[in-house]
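Throughout, protein chains are lettered first and strands after them, A, B, ... in sequence-line order, and every chain is numbered starting at 1.
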Protein chains: 2
Amino acid sequence: MADGPTSGGQRGETLLYLTDEQLRKGIEAMFFAYKGFTSDPDRILESRGYGRAHHRAIHFIHRSHGTTVNNLLAILGVTKQSLNRVLRTLIEDGLVESRVGTRDKRERHLYLTAEGALLERELSDVQQARMRDAFRSAGPAAVAGFRTVLEEMMDPEMRRRYQRLSENGL
Amino acid sequence: MADGPTSGGQRGETLLYLTDEQLRKGIEAMFFAYKGFTSDPDRILESRGYGRAHHRAIHFIHRSHGTTVNNLLAILGVTKQSLNRVLRTLIEDGLVESRVGTRDKRERHLYLTAEGALLERELSDVQQARMRDAFRSAGPAAVAGFRTVLEEMMDPEMRRRYQRLSENGL
DNA sequence: CGTTTTATGTCAGCCTTGTTGACATTGCCA
DNA sequence: TGGCAATGTCAACAAGGCTGACATAAAACG
């Protein structure tokens, strides 16, 4: 199953970065980094009785103001039952507003309230702070490489979604 | 809370990679990439009735043959009750062997059985395949940057653990 | 107009995986 | 011997995934 120049011998050249050892390091780096990546927001969320799922919803509602439930489902890749549970508490708590669509009245468009925007800011502040420190220490070239590798690691569908998010505001 | 050259204006120079927009992209890249990163093993695990927690245990037991429960707890960052539940099923299913320590008989040293090693191989094959493709597409310079940024993103404690793993086999 | 499809919400139940607290056992060590 | 450390286990709980089933409203279609 593992073909290529790894699994035993390398092809000499500059392919040393594709050895099993290097790949394993990459895997472990993802694991430990993701832990750090989520730890700061997790602390804030916990103090409010929310979880990571709430953070994700808040993030993408902020990101795409007025997005529909269906769109959010596609981005997050969870079931509507799962998302709805989270969304319901956020709406009840007054952090998210759900407006009936004007063109299509079946759709609900989601917005952060002022209070929701406040929490969003708090969460993204700590997460951005960590990322900024990491970026600053690593330098622009490393950051470019970081983003390139992450993009390559995404499923094609998710990658398209990610890139679409970057371009327009949707 | 967000100080530095972001949040509004940049300092001109080469600091454009530290804008809020770039940081947000980095955050979303982590989210989508981690999804891809775990998706292939998840499929295999599901078919066996295991979860990601089992994968993590298997990975680090493979990585550090004969490691103790306490060491594993520290690496994984979960409670012993949580780890124990996973470990118990793996031992019952004959994928992991737990041997009483020779020097210190309170400690249990954990090993993959032949069957456990087989599953480990299967899991790491698919995960490495994705990582290898991503690395190959991105190239060695990008890979170096990827690893640098991830290391910077880790909590100091986890970073030390990560680096210790890389050096010796423990 | 009637039918079908779409978007959403909701109820019920299940699973994994995290948590806390309590307690028992074993064995190292002073 | 007494204290502490490493481990295991029981019970209970919560978050957040999942499936299946069903309800409603509105759009779309023929």
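Checking the phosphate oxygens (OP1, OP2) of D:dA28, no side-chain nitrogen or oxygen of A:Arg103 falls inside 4.0 Å. In this model, the phosphate group of D:dG8 is not approached by any side-chain N or O of B:Arg88 to a distance below 4.0 Å at OP1 or OP2. Considering only side-chain N and O atoms, B:Thr79 lies under 4.0 angstrom from the phosphate OP1 or OP2 of C:dT19. An OP1 or OP2 oxygen of C:dT17 is reached within less than 4.0 angstrom by a side-chain nitrogen or oxygen of B:His54.
Rounded to an integer number of Å, the gap from CZ of B:Arg106 to P of C:dG27 is 10 Å. Taking atom CD1 of A:Ile91 as the reference point, atom P of C:dG9 lies 7 Å away to the nearest angstrom. Rounded to whole Å, the distance from CD on A:Glu46 to P on D:dG16 is 11 Å. Between A:Asp104 atom CG and D:dC29 atom P there is a gap of 12 Å when expressed in whole angstrom units. Nucleotide C:dT19 holds its P atom 11 Å from the CG atom of B:Leu76, rounded to whole Å. For B:Gln81 and D:dC13, the CD to P distance is 16 Å, given to the nearest whole Å. Atom pair A:Arg85:CZ and D:dC18:C1' shows a separation of 9 Å (rounding to whole Å applied). One can place CG of A:Asn70 at 13 Å from C1' of C:dT5, the figure rounded to the nearest angstrom.
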Exercise for the section: Decide yes or no on side-chain hydrogen bond (donor to acceptor under 3.5 Å, both in side chains) for A:Glu28 and B:His59, but give the supporting numbers first. Expected result: CA-CA 9 Å; A:Glu28 287 173 358; B:His59 175 95; 2.8 Å; yes
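Nearest-nucleotide assignment on DNA chain D puts the 5′-proximal partner with B:Leu87, out of A:Val86 and B:Leu87. Of the two residues near DNA chain C, B:Gly51 and B:Arg108, the one whose nearest nucleotide lies more 5' is B:Gly51.
B:Met158 approaches B:Ala74 most closely through the heavy-atom pair CE-O, 3.6 Å.
A donor N or O paired with an acceptor N or O is found under 3.5 Å between the base of D:dT7 and the side-chain atoms of B:Lys80.
Between A:Tyr162 and B:Phe31, the ring centre distance reaches or exceeds 6.0 Å.
Annotation: cation-pi pair A:Arg99/A:Tyr111 present, NZ/CZ under 6.0 Å from the ring centroid and within 45° of its normal.
Using a 3.5 Å distance cut-off with no hydrogens or angles, the side chains of B:Arg52 and B:Thr38 do pair a donor with an acceptor.
The B:Asn84 side chain lies nearest to D:dT9 when the options are C:dG18, D:dG20, D:dT9.
Within the nucleic acid shown, A:His109 has no heavy atom closer than 4.0 Å to any nucleic acid atom.
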